[in-house]
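Notes follow once the structure below has been shown.
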Amino acid sequence: MRQVGRCRAHTNIALIKYWGKRNDELFLPMNSSLSLTLDAFYTDTEVVLDSDFTSDTFFLNDVKQDKKETEKITKFLNLFRNEVNMETKACVKSYNHVPTAAGLASSASAFSALAGAMNQASGLNLDPKTLSTYARRGSGSATRSIYGGFVEWYMGEDDLSETSHAIPVDDASWDIGMIVIAVNTGRKKLSSRVGMKQTIATSPFYSSWVETATSDLTKMKDAIKQKDFITLGEITESNGMKMHATMLGAFPPISYWEPDSVKAIQTVKEIRGMGIPCYVTMDAGPNVKVLCKASDMTKIEELLLKEFKREQIIPTTVGEGIKLLSDSEWNY
Ligand code: ADP
Ligand code: DP6
Ligand code: CO
């Protein structure tokens, strides 16, 4: 028996952030979040199930991964295998077209692509909404990468795994763009998973964070409905800063920022002062993302080039949801 699945998933950047779980095992979040899927960054993943394999193996960018990384994949694939009563081992090959573990959401595209590929290989054929609840169990942010455009991750109810899923909110086809200012694309020292757990455990600001993220989300969905870019941007910038403030309140304090992150934020503020609407957000890493109008991207890039190198400025438009890849689309 040999079954194959191949899938591409794009990364997403949260405009209303997820920073903490109410249930670690099930990846149930403390609050609902909302993101923008990006076209420029993605992961392609192949899952081969073969009854001749004696163990799971996992290759990332053609490099065989160690026991710890492979065990994470095994645990994830078991969610599907248990559902179809299958014990067949897998060979997983994944290619990140995004820096890994740098705060550019590689875990989001990774587990969304793996979910899509395993959904096909296992023959489970879950619908996208249910598939998002599976992607979630690999990495919370992966819930949202199942869909394109603006996507909400609804936090769900109580400890019911199946109620916490992604919802496509809007296709973002109204002149939305994002520019990544790559400050440092090396691996972070503190994973998102550990960082958020420490924040919940020790930051006195945590309960206020959850309250404010919840009301920000309501306001943001309204702004999206009205296609009100300024309000969308203002809430994005404010929400991101509040997440980082909450982390700074942890003990020991958590900060993913570097000096050039601050320089990037100041530069964006200056550009905004010139009358071009653009707003920053940052995740668990030093890189800065600029939410802007797609039609302003070239102008903003030129202004950023006065402070940063060409290779540090990566413009992107809105990305689509997951898609299965045919033989001819698998170019590895
Ligand atoms: P990021 O900011 O990139 O999302 P995280 O700390 O959330 O950083 O997640 C990084 C981790 O996600 C990696 O250490 C690895 O375990 C996992 N990961 C990244 N890319 C892949 C991939 N293509 N397939 C499987 N797991 C991946
Ligand atoms: C700051 O989804 O990477 O990017 O669920 O533990 O895998 P795990 O964490 P992850 O956390 C993402 C945190 C964030 C905000 C966001 O994407 O919502
Ligand atoms: Co991540």
Side-chain angles (χ1 to χ4, degrees), residues 8-15 17 35-44 60-61 94-110 112-113 139 141-142 144-145 148-151 172-188 192 229 232-233 236-237 240 244 256-272 274 276-322 331:
R8 173 171 299 175
H10 292 264
T11 62
N12 71 78
I13 295 301
L15 310 183
K17 307 291 186 189
S35 60
L36 179 68
T37 302
L38 302 184
D39 186 55
F41 303 99
Y42 58 93
T43 297
D44 285 347
L60 177 56
N61 299 333
S94 189
Y95 296 89
N96 277 347
H97 296 263
V98 55
T100 303
L104 289 165
S106 70
S107 68
S109 51
S112 210
S139 178
S141 53
R144 301 179 306 237
S145 273
F150 291 117
V151 183
S173 63
W174 39 285
D175 200 21
I176 303 292
M178 191 169 264
I179 300 172
V180 171
I181 306 175
V183 166
N184 183 347
T185 54
R187 290 186 83 104
K188 61 183 98 171
S192 307
F229 181 76
L232 174 72
T236 297
E237 191 165 291
H244 287 279
Y256 290 98
W257 294 27
E258 291 185 16
D260 272 358
S261 314
V262 178
K263 187 171 108 176
I265 293 168
Q266 280 168 347
T267 308
V268 170
K269 269 194 196 150
E270 279 162 26
I271 297 174
R272 195 157 71 219
M274 296 171 194
I276 306 169
C278 53
Y279 301 88
V280 293
T281 189
M282 285 176 68
D283 293 282
N287 303 302
V288 175
K289 295 100 185 184
V290 186
L291 179 70
C292 61
K293 294 185 177 177
S295 54
D296 283 336
M297 280 207 294
T298 317
K299 226 172 0 183
I300 297 171
E301 274 177 72
E302 270 166 30
L303 291 164
L304 289 173
L305 280 172
K306 293 184 181 166
E307 299 292 338
F308 297 93
K309 296 190 203 106
R310 164 74 54 198
E311 60 270 24
Q312 287 182 280
I313 312 294
I314 312 162
T316 170
T317 50
V318 179
E320 296 176 344
I322 56 165
N331 301 312

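Heavy atoms only: backbone and side chains are in, while hydrogens, waters and symmetry mates are out.
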If I take atom CD from residue E301 and atom SG from residue C292, how far apart are they, to the nearest 0.5 angstrom?
8.5 Å
How about S112 and S145: does a side-chain donor come under 3.5 Å of a side-chain acceptor?
no
Do D296 and C278 have side chains that get closer than 4.5 Å, going by heavy atoms?
no
Work out which heavy atom in L291 is nearest to a heavy atom in G233; give both atom names and the distance.
CD2-CA, 4.1 Å
Pick out which of I265, N287, V290 makes a side-chain contact (heavy atoms from CB on, under 4.5 Å) with I181.
V290
Using every non-hydrogen atom in the two residues, find where A102 and P99 come nearest and quote the distance to one decimal.
CB-CB, 4.0 Å
So among N12, L36, T37, which one has a side-chain contact (heavy atoms from CB on, under 4.5 Å) with R144?
N12
For the residue pair H97 and Y42, does the interplanar ring angle fall in the parallel (under 30°), tilted (30 to 60°) or perpendicular (over 60°) class?
parallel
Candidate pair T43 and N96, rule side chain to side chain donor-acceptor pair (under 3.5 Å), full reasoning:
CA-CA 5 Å; T43 297; N96 277 347; 2.8 Å; yes
Measure the shortest side-chain to side-chain distance between T281 and K17 over non-hydrogen atoms and say whether it is less than 4.5 angstrom.
yes
Side chains of S35 and S141 in contact at under 4.5 Å (non-hydrogen atoms)
no
Listed partners of D260 passing salt bridge (charged side-chain N to carboxylate O under 4.0 Å, His left out), at least two apart:
none
Find the distance between CG (L304) and NZ (K299) and round it off to the nearest 0.5 Å.
13.0 Å
Mind checking the CZ-CG spacing from R8 to D44? Nearest 0.5 Å is all I need.
4.0 Å
Please enumerate all residues that pass ring-ring contact (aromatic ring centres under 6.0 Å, His included) together with F41, with sequence neighbours excluded.
none
When every non-hydrogen atom of K293 is compared with those of P277, the smallest separation belongs to CE-CG, 4.1 Å
Quick one: pull up CD1 in I300 and CE in M178 and give me the separation to the nearest 0.5 Å.
11.5 Å
Is there side-chain contact between V318 and F150, with heavy atoms separated by less than 4.5 Å?
no
Heavy atoms only: give me the nearest A40-P315 pair and the separation to one decimal.
CB-O, 4.2 Å
What pair of heavy atoms forms the shortest contact from A284 to S192, and how long is it?
CB-OG, 3.6 Å
If you measure from CZ on R272 to OG1 on T267, what distance do you get to the nearest 0.5 Å?
12.0 Å
Give me each pair satisfying side-chain hydrogen bond (donor to acceptor under 3.5 Å, both in side chains) with a member in residues 306-317, each pair once, sequence neighbours excluded.
none
Is it the case that over 12 heavy atoms from other parts of the model lie below 6.0 angstrom from the CD atom of E320?
no
Side chains of T11 and L104: does their closest heavy-atom pair fall under 4.5 Å?
no
Residue pair K289, D283: steps toward the side chain to side chain contact (heavy atoms under 4.5 Å, CB included) verdict
CA-CA 9 Å; K289 295 100 185 184; D283 293 282; 2.9 Å; yes
When you compare the side chain of M282 with that of Y256, does any pair of heavy atoms fall below 4.5 Å?
no
H10 vs L38 side-chain heavy atoms within contact, under 4.5 Å:
no
Over all heavy atoms of both residues, which pair between S107 and A142 is shortest? Give the atoms and the distance, please.
O-CB, 3.8 Å
